[in-house]
Enquirer: 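Take this structure, written in C-alpha cells, and hold onto it; I'll ask about it next.
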Amino acid sequence: MGPQILLAEHLTKRFGSFVAVDRVDFSLHEGEVVGIVGPNGAGKTTFFNLVTGYHTPDEGRVLFLGQDVTRASPRRRVELGLVRTFQLASTFDALPVVDNLILALFSRLHSGSDVRRLLATPRRRYYDDPRVQDALEQFHLSARRDRVVRHLSLGEKRRLEIAMAVLSNPRVLMLDEPLAGLSELEIHQVMDVLRSQVGRRSLVVVEHKVSHLLGFVQRLMVMHEGRVIAEGSPEECLKDPEVRRSYWRVGAESA
Ligand SMILES: Nc1ncnc2c1ncn2[C@@H]1O[C@H](COP(=O)(O)OP(=O)(O)OP(=O)(O)O)[C@@H](O)[C@H]1O
Ligand SMILES: [Mg+2]
C-alpha cells in the first residue's frame with residue numbers, strides 16, 4: 001500500500017440540531033480502493049460533500065497530501081487531484097458525448113474558467129485530441145461519440161461521467177452511487193471501467209449493495225446515522241454484530 005494521501009479527522013456536520021455526519025475519521029492511501037456503505041440517510045453523501053468541499057464541517061478537518069483543505073473550495077481540491085462524481089448526473093445533456101469530454105479536458109487545462117467561457121470555446125479543434133480519443137475507447141463510448149447525452153442510456157451516461165472525472169487525472173476519485181438505477185449488464189460495464197482505474201488512482205465508492213463491492217474494494221467503511229459503525233475488510237465488516245443489526249439486515253433484503 002502507498003503512502004497516506006487523504007485524511008479526515010473527526011468530521012462533523014450538523015443541519016440545525018440534526019447530526020448528519022458524526023465525528024467520522026477516515027484515511028485513504030495511494031492506490032487504495034475503499035467502499036462506503038450504509039442505508040439511506042446514513043450520511044454518505046454528506047461525508048463526500050465535506051471531503052470534496054461542498055460543505056464546511058462544523059468540526060474536524062480534511063488533509064489532502066498533507067495540506068489542510070478543510071476550507072478549500074471544490075475547485076481548489078480538484079486542482080490538487082481530489083475529484084468526485086455526483087449521485088445525480090452532472091453532464092451537459094444537450095451536447096454530444098465528445099463535447100462533454102472536451103469540456104472536461106478543457107476545464108482541466110484552463111482551471112478557473114467559468115462554464116459560460118467553457119461552452120463558448122471552439123471545441124472542434126479538440127475533436128481529435130488523443131486524450132479525448134483515449135477516453136472514448138477506454139470507457140467504451142466510441143460508438144456514442146456524437147450522440148447527444150440526453151439520448152444515452154443511464155449506463156452510458158454513468159460511464160461518461162466517470163470518463164469526464166478521469167480526464168482531470170485525479171489522485172483520488174470519489175464516486176457517489178455510480179451503480180444506482182442500473183441494470184445488471186450496465187452494472188457489469190461500469191464495474192469494468194472502474195476496474196480499469198485500479199492502480200492508476202485511489203478510489204472511494206459509495207454503494208448501497210455490499211454485494212456489488214465484494215471482490216472490488218480492499219476495505220469497507222460502514223456508516224449508520226452519521227457514524228462509522230465498522231471498518232475493515234468486507235468480510236470483517238459483514239461479520240460485525242452492529243452491522244448485522246443495523247445495516248446488513250436491511251441491506252441483505254435488497255442485496
Ligand atoms: N442540506 C441538507 N439540509 C438538511 N438536512 C440534510 C441536508 N443534506 C442531507 N441532510 C440530511 O442528512 C442525512 C444524511 O443525508 P445523506 O444524503 O448524507 O445520506 P446518504 O447516506 O447519502 O443517503 P442515500 O443513501 O439516500 O443517498 C439525511 O437525514 C438527510 O436528510
Ligand atoms: Mg447519498
Side-chain angles (χ1 to χ4, degrees), residues 6 8-28 33-62 69-74 77 82-91 154-155 157-158 161-162 164-165 172-183 186-187 190-191 194 203-214 216-217 219-232 234 237-238 240 242-255:
L6 175 67
E9 287 180 324
H10 237 66
L11 276 189
T12 300
K13 180 66 185 174
R14 298 186 199 93
F15 296 109
S17 59
F18 176 76
V19 188
V21 171
D22 192 0
R23 291 163 293 169
V24 169
D25 292 314
F26 177 78
S27 81
L28 184 71
V33 183
V34 177
I36 300 180
V37 294
N40 290 118
K44 306 179 299 292
T45 297
T46 307
F47 172 72
F48 261 41
N49 287 337
L50 292 169
V51 170
T52 55
Y54 291 85
H55 285 325
T56 307
D58 294 302
E59 284 165 37
R61 60 178 193 155
V62 181
V69 295
T70 315
R71 283 175 174 71
S73 67
R77 296 182 214 209
L82 180 58
V83 169
R84 72 178 291 184
T85 63
F86 287 84
Q87 192 165 355
L88 297 172
S90 50
T91 44
L154 190 56
K157 191 163 161 169
R158 260 325 132 61
E161 287 185 279
I162 300 169
M164 289 169 73
V172 173
L173 178 58
M174 300 181 65
L175 303 117
D176 196 356
E177 298 205 29
L179 308 179
L182 301 185
S183 69
E186 289 171 327
I187 287 174
V190 168
M191 287 309 295
L194 288 183
L203 300 172
V204 183
V205 184
V206 165
E207 171 52 32
H208 266 266
K209 297 182 188 172
V210 182
S211 56
H212 290 140
L213 297 180
L214 296 178
F216 177 62
V217 298
R219 184 156 60 88
L220 267 188
M221 174 163 107
V222 186
M223 291 187 72
H224 182 57
E225 296 179 347
R227 292 183 306 116
V228 177
I229 60 167
E231 197 170 8
C237 286
L238 296 180
D240 184 280
E242 194 175 354
V243 173
R244 297 190 75 82
R245 228 181 1 259
S246 60
Y247 171 68
W248 182 239
R249 206 154 40 89
V250 184
E253 282 155 17
S254 59

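Just so you know, ligand 1 is whichever comes first in the structure, and atom 1 is the first atom listed for that ligand. For the numbers below, each heavy atom of this structure counts, side chains included, while hydrogens, waters and symmetry mates do not. Quick caveat: nothing in here was measured; it's all calculated off a predicted structure.
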Enquirer: Regarding ligand 1, does Phe47 bring an N or O atom to under 3.5 Å of one of the ligand's N or O atoms?
Expert: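 No, Phe47 has no N/O under 3.5 Å of an N/O on ligand 1.
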
Enquirer: Hey, are the side chains of Val62 and Val69 touching, using non-hydrogen atoms and a 4.5 Å cut-off?
Expert: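 When only atoms from C-beta onward are counted, Val69 and Val62 do touch, with a gap below 4.5 Å.
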
Enquirer: May I ask you to identify, for Met223, whether its side chain, its backbone, both or neither come under 4.0 Å of ligand 1 on a heavy-atom basis?
Expert: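 Neither part.
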
Enquirer: Just wondering, is there an N, O or S atom on Thr45 that's nearer than 2.8 Å to the Mg ion (ligand 2)?
Expert: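 Yes, since at least one N, O or S atom of Thr45 sits under 2.8 Å from the Mg ion (ligand 2).
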
Enquirer: How far is atom 18 (O) of ligand 1 from its nearest protein heavy atom, and which residue and atom name does that atom have?
Expert: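 Among all protein heavy atoms, the one nearest atom 18 (O) of ligand 1 is Thr46 OG1, 2.5 Å.
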
Enquirer: Give the intermediate values and the outcome of side chain to side chain contact (heavy atoms under 4.5 Å, CB included) for residues Val37 and Leu220.
Expert: CA-CA 7 Å; Val37 294; Leu220 267 188; 4.1 Å; yes

Enquirer: Among the heavy atoms of His55, does any lie under 4.0 Å from an atom of ligand 1?
Expert: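 Distance cut 4.0 Å: His55 fails for ligand 1.
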
Enquirer: If we count only non-hydrogen protein atoms and require a distance under 4.0 Å, does atom 31 (O) of ligand 1 qualify as touching the protein?
Expert: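 Not a single protein heavy atom is under 4.0 Å away.
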
Enquirer: Do Leu154 and Leu182 touch side chain to side chain, with heavy atoms closer than 4.5 Å?
Expert: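 Yes, at least one pair of side-chain atoms sits under 4.5 Å.
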
Enquirer: Would Gly43 count as a contact residue for ligand 1, given that I'm defining contact as a non-hydrogen atom of the residue lying under 4.0 Å from a ligand atom?
Expert: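 Per 4.0 Å heavy-atom rule, Gly43 contacts ligand 1.
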
Enquirer: Check ligand 1 against Ala20 and write out every atom of the ligand that is under 4.0 Å from a heavy-atom position of the residue.
Expert: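 So the answer, numbered in order with elements, is 12 (O).
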
Enquirer: How far is atom 11 (C) of ligand 1 from the closest protein heavy atom, and which atom is that?
Expert: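 Answer, as residue, atom name and distance: Phe18 CE2, 3.9 Å.
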
Enquirer: Give a yes or no on whether a salt bridge exists between Glu186 and Arg158, defined as a side-chain N under 4.0 angstrom from a carboxylate O.
Expert: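 No salt bridge links Glu186 with Arg158.
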
Enquirer: Does the protein place a non-hydrogen atom closer than 4.0 angstrom to atom 13 (C) of ligand 1?
Expert: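 Within 4.0 Å: yes, protein heavy atom nearby.
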
Enquirer: Of all the non-hydrogen atoms in the protein, which one sits nearest to atom 27 (O) of ligand 1, and at what distance?
Expert: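 The protein heavy atom lying closest is Gln87 NE2, 2.9 Å.
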
Enquirer: Would Arg84 and Thr52 count as having a side-chain donor-acceptor pair, cut-off 3.5 Å?
Expert: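 Side chains of Arg84 and Thr52: pair found under 3.5 Å.
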
Enquirer: Would you check if there is a donor-acceptor pair between the side chains of Thr45 and Asp176 at a distance under 3.5 Å?
Expert: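 Distance-only check passes for Asp176 and Thr45.
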
Enquirer: Closer than 4.0 Å to some heavy atom of Gly41 - which atoms of ligand 1 meet that?
Expert: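 The list of qualifying atoms is 13 (C), 14 (C), 19 (O), 20 (P), 21 (O), 23 (O), 24 (P), 26 (O), 28 (C).
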
Enquirer: Looking only at atom types and distance, does a side-chain atom of Arg77 sit under 3.5 Å from a main-chain N or O of Thr70, one as donor and one as acceptor?
Expert: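 The answer is yes, because a donor-acceptor pair under 3.5 Å joins these two groups.
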
Enquirer: Just need the protein heavy atom nearest to atom 1 (N) of ligand 1, so name the residue and atom and give the distance.
Expert: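 Residue, atom and distance for the closest contact: Phe15 CE2, 3.5 Å.
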
Enquirer: Side-chain contact test, heavy atoms from C-beta onward, threshold under 4.5 Å: evaluate it for Val228 versus Phe26 and give yes or no.
Expert: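 Result no, sub-4.5 Å side-chain heavy-atom pair not found.
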
Enquirer: How far is atom 26 (O) of ligand 1 from the closest protein heavy atom, and which atom is that?
Expert: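 Of every protein heavy atom, Asn40 ND2, 2.7 Å lies nearest to atom 26 (O) of ligand 1.
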
Enquirer: Find out whether Asp25 and His10 are in side-chain contact, i.e. whether some heavy atom of one side chain is under 4.5 Å from a heavy atom of the other.
Expert: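 Of all side-chain heavy-atom pairs linking His10 with Asp25, at least one is under 4.5 Å.
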
Enquirer: Which of the atoms in ligand 1, numbered in the order shown and given with their element, are less than 4.0 Å from a heavy-atom of Thr45?
Expert: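 Those of ligand 1 that fall under 4.0 Å from Thr45 are 17 (O), 18 (O), 20 (P), 22 (O), 27 (O).
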
Enquirer: Do Val24 and Arg227 have side chains that get closer than 4.5 Å, going by heavy atoms?
Expert: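 Sidechains of Arg227 and Val24: no contact.
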
Enquirer: Checking a contact table here: which protein heavy atom is nearest atom 25 (O) of ligand 1, and how many Å away?
Expert: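 Answer for atom 25 (O) of ligand 1: Lys44 NZ, 2.7 Å.
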
